[in-house]
Number of protein chains: 2
Amino acid sequence: MVDAALFTIRNRRLCLILGRRKEPPFAGAFALSGGFVHVEEDSDAEMATRRVIRSKIGFDAPYLEQLFTFSGAARDPRGWSVSIAYYALIPWTLVEDNPSISAFPVEAVPALAFDHSQIVAKAVERLRSKATYSSLPVFLLPTEFTMNDLHQIYEQTIGTRLDKASFRHKILEQDFIEEIANRFRTGAHRPAQLYRLSSKVLTPFERKI
Amino acid sequence: MVDAALFTIRNRRLCLILGRRKEPPFAGAFALSGGFVHVEEDSDAEMATRRVIRSKIGFDAPYLEQLFTFSGAARDPRGWSVSIAYYALIPWTLVEDNPSISAFPVEAVPALAFDHSQIVAKAVERLRSKATYSSLPVFLLPTEFTMNDLHQIYEQTIGTRLDKASFRHKILEQDFIEEIANRFRTGAHRPAQLYRLSSKVLTPFERKI
DNA sequence: TGAATAGTGTCTTTAAGACACTATTCA
DNA sequence: TGAATAGTGTCTTAAAGACACTATTCA
């Protein structure tokens, strides 16, 4: 089967989208989104995962990556099993109006069914690690965002403070976002330039941020 | 099922250990070492892979890591299938006397059964990438080695030249190898200090070499 | 002594981080 | 004008790379 850890940023905090299981084992417990591969329908496991995610949130996740395959006799009380685990990044703005979605900060994830806590731990580790040397966190933002939005999600996902000037410099040098001409976010302060993604693919950096 | 890409360094070249398939499909073709999980015997897929590798080379590989899970209808003519792929690093000195082992330079791998060429491509990519920021290549060396041995396998796996002085400095700073007191490799030149691994686990570096 | 490999010192280049400064808006 | 956020300039620190130098052995 396949399982997916769905990450989002809500109120400037890195969160996981979880659901409650309907059937035993672990009926009523929180769990990642998962399902069985439909051999007739799914050309491979990634396509099965896309289908599972679409059925949860209604659309394709902007970023999806295979994480690890968990297997063994210990992870499911019914016996030996295999799960190909994925993680996906989803901008909160795309799901905030969906009443069936609930998100938990990664520091406050409830007890989970099966070995899903282990999957979550590995997914968080991968996300944090890739955030230090790639454009990964940008997939947590909506299509238009300010430099400060980006700054904040990098700090959130990496878990440390980053200098404003160095961050701006480093990001612009990587060339994966571009200014949107004449679009600014306004407020009781100087208007902020809006940016958008210029490359839809994950951009790895030469060095860390 | 599980498949394993076995890397080794022979004559200063990065090689893959391949075997010929006995049964159809692809009977007679070269392929990675693989096998089915024995649910009774293997506590998880990694243990199954260890068993497969032991049956090929006679002992456990010094380094083994899960690579990626390949799945789909296209990879096996018999229909939809899943393979959890691993890669392992093996010092050539441990297998050079084994007549059933044949190794091919990674730039000259023959046509392979199933999607094994794809698995190999991904394994090489992972190996090269991790070599730039971890102690990974050291697992290709025997227990005693000189700084130059280490230098050469890094150049081999990464695929670029590395400055001798910078390399030495960077490696010693990482603290995953230690001098063996009063042990030198001699020849028609100044004797070379022998080193051994001081930490059996993979050490990631802060920055690249 | 010359060939071969081992090992070191030092300078240059480049990236990262600290931090203070200027800019623009609204109340 | 003061609060708030946006955006820039400059200095310091540290790592990486280039490269030349010294060291030790054997033939």
Side-chain angles (χ1 to χ4, degrees), chain A residues 11-12 129 131-135 137 141 144-196 203-209, chain B residues 11-12 129 131-135 137 141 144-196 203-209:
Chain A
N11 300 331
R12 304 187 173 184
S129 148
T132 63
Y133 63 90
S134 80
S135 62
L141 288 176
E144 298 193 350
F145 51 87
T146 66
M147 190 57 80
N148 249 24
D149 293 341
L150 194 61
H151 190 193
Q152 280 172 16
I153 57 151
Y154 268 88
E155 290 192 338
Q156 271 304 308
T157 48
I158 297 177
T160 61
R161 281 209 72 260
L162 299 168
D163 181 76
K164 189 167 56 147
S166 314
F167 178 80
R168 177 195 269 315
H169 183 76
K170 181 79 183 181
I171 290 294
L172 290 176
E173 179 180 278
Q174 301 303 324
D175 213 41
F176 66 89
I177 62 170
E178 59 192 13
E179 291 187 2
I180 311 175
N182 301 111
R183 294 267 302 140
F184 296 88
R185 179 178 299 165
T186 54
H189 50 75
R190 175 171 171 179
Q193 176 68 54
L194 283 166
Y195 292 85
R196 67 174 158 231
T203 308
F205 307 160
E206 265 304 292
R207 308 166 89 97
K208 67 174 185 150
I209 282 183
Chain B
N11 299 332
R12 305 188 172 183
S129 148
T132 63
Y133 63 88
S134 80
S135 62
L141 288 176
E144 298 193 351
F145 51 87
T146 66
M147 190 57 80
N148 249 25
D149 293 341
L150 194 61
H151 189 194
Q152 281 172 15
I153 57 150
Y154 267 90
E155 292 192 336
Q156 270 303 309
T157 49
I158 297 178
T160 62
R161 280 208 73 260
L162 298 168
D163 181 77
K164 188 169 56 148
S166 315
F167 177 81
R168 178 198 245 3
H169 183 77
K170 181 79 183 183
I171 289 293
L172 290 177
E173 179 181 278
Q174 302 303 325
D175 213 41
F176 65 89
I177 62 169
E178 60 191 13
E179 290 186 4
I180 312 175
N182 301 112
R183 295 270 299 142
F184 296 87
R185 178 178 301 164
T186 53
H189 49 74
R190 176 172 171 178
Q193 177 66 54
L194 283 166
Y195 292 85
R196 66 173 158 234
T203 307
F205 306 159
E206 264 304 295
R207 308 166 89 97
K208 66 175 184 146
I209 282 182

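Note on naming: letters A, B, ... go to the chains in the order of the sequence lines (proteins, then strands), and numbering restarts at 1 for each one.
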Inset, instruction - Using modelled atom types only, decide if a donor and an acceptor are shared between the side chain of B:Gln193 and the backbone of B:Met147 within a distance under 3.5 Å. - result: no

Inset, instruction - Give the nucleotide from the list C:dA23, C:dT8, C:dT25 with an atom nearest to the side chain of B:Arg168. - result: C:dT8

Legend entry - Nearest to side-chain heavy atoms of B:Arg190, which nucleotide of D:dA15, C:dT5, D:dG7: C:dT5

Legend entry - Out of C:dT24, D:dC26, C:dG7, whichever nucleotide has its closest atom nearest the side chain of B:Ala188: D:dC26

Inset, instruction - Take atom OH of B:Tyr133 and atom P of D:dA16, then tell me their distance rounded to the nearest Å. - result: 15 Å

Legend entry - Per A:Lys170 side chain, nearest of listed nucleotides D:dT25, C:dA16, C:dC19: C:dA16

Inset, instruction - Please give the nucleotide sitting opposite D:dA16 as a Watson-Crick or G-U wobble pair, both distances under 3.5 Å, or none. - result: C:dT12

Inset, instruction - Might you confirm whether atom NE2 of B:His169 has over 12 heavy atoms from other residues, nucleotides or ligands at distances under 6.0 Å? - result: no

Inset, instruction - Measure from CG on B:Leu150 to P on C:dT5 and round the result to the nearest Å. - result: 18 Å

Legend entry - Gap between atoms CD and P, on B:Gln193 and D:dT24 respectively (whole Å): 14 Å

Inset, instruction - Tell me which nucleotide among C:dG7, D:dG7, C:dG9 gets nearest to the side chain of B:Ala192. - result: C:dG7

Inset, instruction - Only one of B:Glu144, B:Glu179, B:Glu178 passes side chain to side chain donor-acceptor pair (under 3.5 Å) with B:Arg196; say which it is. - result: B:Glu178

Legend entry - Rounded distance (Å) that lies between atom C1' of C:dG7 and atom CG of B:Asp163: 12 Å

Legend entry - For atom NZ of A:Lys164 and atom P of D:dT8, their distance in whole Å: 10 Å

Inset, instruction - Report the base-pairing partner of C:dA27 (Watson-Crick or G-U wobble, both distances below 3.5 angstrom), or none. - result: D:dT1

Legend entry - Minimum-distance nucleotide (side-chain atoms of A:Ala165 versus C:dA15, D:dT8, D:dC26): D:dT8

Inset, instruction - Report the distance from atom CG of A:Leu162 to atom C1' of C:dA15, rounded to the nearest whole Å. - result: 15 Å

Inset, instruction - Using both distances under 3.5 Å as the test, list the Watson-Crick or G-U wobble partner of D:dG7, or none. - result: C:dC21

Inset, instruction - Go through C:dG17, D:dT25, D:dA18 for me and flag the one nearest to the A:Ser166 side chain. - result: C:dG17

Inset, instruction - Spell out, as yes or no, whether a donor-acceptor pair under 3.5 Å connects the side chain of B:His151 to the backbone of B:Arg168. - result: no

Legend entry - Nearest-Å distance for atom pair CG/C1', residues A:Leu194 and D:dG7: 15 Å

Legend entry - Among C:dT5, C:dT25, D:dA15, the one nearest B:His189 by side-chain distance: C:dT5

Inset, instruction - Provide, to the nearest angstrom, the distance between the CD atom belonging to B:Glu173 and the P atom belonging to D:dA16. - result: 7 Å

Inset, instruction - Just say parallel, tilted or perpendicular for the rings of B:Tyr133 and A:Tyr133, cut-offs at 30° and 60°. - result: tilted

